[in-house]
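Sequence positions, counted from 1, serve as the residue numbers for this chain. Keep in mind that what you see is a predicted model, and the values were worked out from it rather than measured.
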Amino acid sequence: MAQAVEAAEQALIEFEIAVETFRVEVENFSRLHHQRLGPMYARLDELDARIAEAIAARTGDPEDVRKAREARASVLPMPDVEELFHGWMGSEGLYPEAEAMLNEQSVRPPQKVRPSEEARRVYRDLVRKAHPDLARDEAERGRRDAFIMRVNAAYGAGDEAALRELAREWEAGPVPREQRTSESEELYARLEWLAERKEMLAVIAAELEDSAIGAMIKMAPEDPDALLAEIAEKLLADVAEREAYLAQLVG
């Protein structure tokens, strides 16, 4: 029975690692998409408005005038929470770099969608060793929770140096006390809790995969950063095409 519980714990940890690594990719892709491609989308909206206005000025058609007004209105949308806070806050609260800034820590926004292979390796190893679900008392769980929060923040930023330092810190930390063999009732309760947590993680994983950003990442699972570059190239081509068309209209 104890072996079954241990196997279930390890399986859950591996599942959590997979969900968390994908969550980081979705969050990083979303943020980098906004930072790198947002200005291009804004430029396209502005060009579309100018083109519609040029057509309306040329034809005087009421329908063209209406379209021009709608196009211009779309260039100035009401700001959302993220824009109001200058990119430091989203629907889930402060971004990690915002929290770092408020706590007088260095601010390191993600440079890539997917952290490096070395960062992923160190991250997985740390989570397997320090996961809170391996604790058997509240004090140990609290210590592990606080540590894993720091591990997740370093991984989200792709900070290999910080992850390696955390690995050294964990190895030098207190050795967990020897755990006594659990009673059968405790083991059954543990298995039930593990099953419930796995169901919860499955829901989170499904939501991530079904999101718009998750779907985009699945289009380029081996190199999501290349997908950003591909989208940027397409947007630049669209901008050039619209600029040429606008020049014809007003020329």
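Residues Phe29 and Ile204 are members of one and the same hydrophobic cluster, defined by side-chain heavy-atom contacts under 4.5 angstrom among Ile, Leu, Val, Met, Phe, Trp and Tyr. With hydrophobic clusters built from ILVMFWY side chains whose heavy atoms lie under 4.5 angstrom apart, Val75 does not share a cluster with Val65. Under the 4.5 Å side-chain heavy-atom criterion for Ile, Leu, Val, Met, Phe, Trp and Tyr, Met149 and Val24 are members of distinct hydrophobic clusters. Linking ILVMFWY side-chain heavy atoms closer than 4.5 Å, directly or via other members, places Val19 and Val203 in two distinct hydrophobic clusters. Under the 4.5 Å side-chain heavy-atom criterion for grouping Ile, Leu, Val, Met, Phe, Trp and Tyr, Val239 is connected to Tyr245 within one hydrophobic cluster.
Nearest approach of Leu126 to Ala167, heavy atoms of both residues: CD2-CA, 3.6 Å. Closest non-hydrogen pair, Val151 versus Leu163, comes out as O-CD2, 3.8 Å.
Side-chain atoms of Ser30 do not come within 3.5 Å of backbone N or O of Val26 as any donor-acceptor pair. Of the possible polar contacts, one joining the Arg58 side chain to the Leu249 backbone as a donor-acceptor pair under 3.5 Å is found. Of the possible donor and acceptor atoms, none in the side chain of Asp145 sits under 3.5 Å from a partner among the backbone N and O of Pro132.
Within the 4.5 Å cutoff, the side chain of Glu160 has no heavy atoms near those of the Val122 side chain. Between Leu47 and Asp238, every side-chain heavy-atom pair lies at or beyond the 4.5 Å cut-off. When side chains are defined from C-beta on, Glu16 counts as touching Asp133, because their heavy atoms get closer than 4.5 Å. With contacts defined as side-chain heavy-atom distances shorter than 4.5 Å, the pair Arg43/Glu243 qualifies. Contact of the Glu171 side chain with the Lys129 side chain is registered, since non-hydrogen atoms from C-beta on lie closer than 4.5 Å. In this structure the side chain of Met40 reaches within 4.5 angstrom of the side chain of Leu236, judged on heavy atoms.
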Please assess Val127 against Tyr155 for the test side-chain contact (heavy atoms from CB on, under 4.5 Å), listing each intermediate value before the final yes or no. CA-CA 11 Å; Val127 174; Tyr155 179 69; over 6 Å; no
Between Glu53 and Lys67, does the side-chain contact (heavy atoms from CB on, under 4.5 Å) criterion hold? Intermediate values first, please. CA-CA 8 Å; Glu53 288 165 348; Lys67 291 179 179 179; over 6 Å; no
Pair Val113-Leu227, side-chain contact (heavy atoms from CB on, under 4.5 Å): steps then yes or no: CA-CA 10 Å; Val113 174; Leu227 180 59; over 6 Å; no
Show, in sequence, the C-alpha distance, side-chain angles and deciding distance for Arg128 and Glu14, and conclude whether the side-chain contact (heavy atoms from CB on, under 4.5 Å) test is met. CA-CA 8 Å; Arg128 290 182 184 117; Glu14 293 299 326; 2.6 Å; yes
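Between Phe147 and Trp170, the two ring planes are tilted [angle within 30° to 60°].
By the 4.0 Å N-to-carboxylate-O rule, Arg31 lies close enough to Glu27 to be salt-bridged with it.
Residue Glu233 places its CD atom among 12 or fewer non-hydrogen atoms of other residues, nucleotides or ligands, all under 6.0 Å distant. Within 6.0 Å of the CZ atom in Arg69, the count of heavy atoms belonging to other residues, nucleotides or ligands does not exceed 12. Within a 6.0 Å radius of NZ in Lys218, more than 12 heavy atoms belonging to other residues, nucleotides or ligands are found. By the 6.0 Å contact criterion, CD on Glu169 is enclosed, its count of non-hydrogen atoms from other residues, nucleotides or ligands being greater than 12.
Test Arg120, Arg121, Arg114 against Glu117 for salt bridge (charged side-chain N to carboxylate O under 4.0 Å, His left out) and you get one pass: Arg120.
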